Amino acid sequence: MAVVPAATRSRLWRGVIEEFRDRLPVSSTTPVVTLREGGTPLLPAPWLSEQTGCDVHLKVEGVNPTGSFKDRGMTVAVSKAVEQGAEAVVCASTGNTSASAAAYAVRAGLRPIVLLPDGKISGPKLAQAVVHGGIIASVEGNFDDCLRLARELADTYPVALVNSVNAFRLAGQKTAAFEVVDDLGDAPDVHVLPVGNAGNISAYWMGYREYAADAGDVPGPATRRPRMWGFQAAGAAPFVHGGPVSSPETVASAIRIGNPASWDLAIAARDESGGLIDAMTDEQILAAQQELSGREGLFVEPASAAGVAGLLHYSRTGRLDGGQRIVVTVTGHGLKDVDTASAYYGEIRPYVVPADASAAAAALGLA
Ligand code: F0G
């Protein structure tokens, strides 16, 4: 067998702290807790490009170790928690933060306490919290209630809060914007993503600003900043309504949030970038999820398709200029919520065939 010389092999990705150490709030003595998150693909999207007349790329965050973008922030938040002597972490979650917090916490030897809205997170996400040894509280309330509770626990008891109100989380998450610029050579014209608790849109904007800024006389890696386009679910769209929503409801359970913590930062991201935050219906979100699966070959969870739904909607209603370079973040893997995806297709009816090639070929339309 031919031996591939080491120099021609791709370099092993070391995780976001080691890759972006000089831009993160860590020191040489910070213990690095990593699952080698980040370094995710920026995938050209030919079907979306054709539909929109733009050059569309997907930032595929579902390939992170626990299946969502949360790992980028969690590596920093948990590393800092260890550095500061924490023995337990707490978070509120619609499912992805808890999966990530549990995985990173156990890796660091910390106890993960997760507060989940009762009955409102998907089976696979709950399973992740369970297998990573999460200490799980099913809260009678929604995500916003869970977050209030998590804050109160962290204020009063010896436990580190690792929701995105923890600045270390956003610092880690901004690295996704760095990777986009590193891959494209500059910032895109528009960056599109789903919005729930609004940490991610805030973190991307921090990242883009930082990369375009010049520290003193040294120009940053980017010459410009994108417009930030965020999309919520219509039943959970506080930014569109201009204030909190008391009973948020959407099939996209990851973004079923009525009172986003990073309100001011997200408004700033929207306005400073000349962008927008709008809402898509559950039907539009599920249709976009299905089109991503069926056209681009990429299976994402419902919330993750909100940005794609928004992009398609703006294009189809004549509100998207062609010829632009666009990046859409798809935030979590499709396997995170298989029930919603399967339900969209109704009853699954495979061809039942005998174990015989000619009979199978006939049934499958090959002969
Ligand atoms: N997409 C997915 C798959 C998510 O899990 C989330 C948030 C978002 C988008 C929205 O990101 O909150 O930064 O605006 N999930 C959180 C959680 C709330 O608990 O897992 P955001």
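Counting starts at 1 for both ligands and their atoms, following the listed order. All values derive from a computational prediction rather than experimental measurement. For the numbers below, each heavy atom of this structure counts, side chains included, while hydrogens, waters and symmetry mates do not.
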Would Tyr104 and Glu37 count as a side-chain hydrogen bond (donor to acceptor under 3.5 Å, both in side chains) here? Give the steps.
CA-CA 11 Å; Tyr104 282 79; Glu37 59 296 310; 2.6 Å; yes

Before giving the answer on side-chain hydrogen bond (donor to acceptor under 3.5 Å, both in side chains), spell out for Gln173 and Lys70 the whole-Å C-alpha distance, their side-chain angles and the decisive distance to 0.1 Å.
CA-CA 7 Å; Gln173 285 176 211; Lys70 305 290 182 180; 5.4 Å; no

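Counting the atoms of ligand 1 from 1 in the order shown, those under 4.0 Å from a heavy atom of Val195 are 14 (O). Each of the following atoms of ligand 1 lies closer than 4.0 Å to a heavy atom of Asn96: 2 (C), 3 (C), 4 (C), 5 (O), 20 (O). Near Thr94, meaning under 4.0 Å from any of its heavy atoms, are these atoms of ligand 1: 15 (N), 16 (C), 17 (C), 18 (C), 19 (O), 20 (O). Ligand 1 places these atoms under 4.0 Å from at least one heavy atom of Ser304: 3 (C). Atom numbering of ligand 1 starts at 1 in the shown order; those under 4.0 Å from a heavy atom of Gly199 are 13 (O), 14 (O), 21 (P). Shown in contact with Ser93 at under 4.0 Å from a heavy atom are these atoms of ligand 1, numbered in order with element: 17 (C), 19 (O), 20 (O). Heavy-atom contacts of Lys70 reach the following atoms of ligand 1: 5 (O), 6 (C), 7 (C), 15 (N), 16 (C), 17 (C), 18 (C), 20 (O) (cutoff under 4.0 Å). Close contacts between ligand 1 and Asn197 involve ligand atoms 12 (O), 14 (O), 21 (P) [criterion: under 4.0 Å to a heavy atom].
Shortest contact from atom 2 (C) of ligand 1 to any protein heavy atom: Thr331 OG1, 3.3 Å. The nearest protein atom to atom 20 (O) of ligand 1, hydrogens excluded, is given as Thr97 N, 2.8 Å; this is a heavy-atom distance. When only non-hydrogen protein atoms are considered, atom 13 (O) of ligand 1 lies nearest to Asn200 N, 2.8 Å. Looking only at heavy atoms of the protein, atom 11 (O) of ligand 1 is closest to Phe69 CZ, 3.5 Å. For atom 4 (C) of ligand 1, the nearest protein heavy atom (residue, atom name, distance) is Ala254 CB, 3.6 Å.
Counting heavy atoms only, Gly196 comes closest to atom 14 (O) of ligand 1 of the residues Gly196, Ser253, Pro260.
In this structure, Phe299 shares a hydrophobic cluster with Leu335, Val338, the cluster being traced through Ile, Leu, Val, Met, Phe, Trp and Tyr side chains under 4.5 angstrom apart.
With hydrophobic clusters built from ILVMFWY side chains whose heavy atoms lie under 4.5 angstrom apart, Tyr204 shares a cluster with Val195.
With Ser273 contributing its side chain and Arg270 its backbone, the two residues share a donor-acceptor pair below 3.5 Å. With hydrogens and angles ignored, the 3.5 Å screen pairs no side-chain donor or acceptor of Lys336 with any backbone N or O of Gly67.
Glu272 and Trp205 share a donor-acceptor pair across their side chains, judged by distance under 3.5 Å alone.
Residue contacts with ligand 1: Ser68 is excluded, as none of its non-hydrogen atoms falls under 4.0 Å.
Contact annotation: the side chain of Tyr208 never approaches that of Arg224 to less than 4.5 Å [non-hydrogen atoms, C-beta and beyond]. Looking at heavy atoms from C-beta onward, Leu298 lies in side-chain contact with Val330 at the 4.5 angstrom threshold.
Contact annotation for Ala198 and ligand 1: only backbone heavy atoms (N, CA, C, O) come within less than 4.0 Å of the ligand. Residue contacts with ligand 1 for Ile255 involve side-chain atoms from C-beta outward but no N, CA, C or O (heavy atoms, distance under 4.0 Å). Only the side chain of Ile257 comes within 4.0 Å of ligand 1, counting heavy atoms alone; its backbone N, CA, C and O stay farther away.
With rounding to the nearest 0.5 angstrom, the CD atom of Glu179 is 5.0 Å from the OG1 atom of Thr40. Put simply, CZ on Arg256 and CG on Asp144 are 9.0 Å apart, with the number rounded to the nearest 0.5 Å.
Aromatic rings from Phe231 and Tyr314 are positioned such that their centres are separated by under 6.0 Å.
Where the criterion is an N or O separation shorter than 3.5 Å, residue side chain and backbone included, Lys125 fails it with respect to ligand 1.
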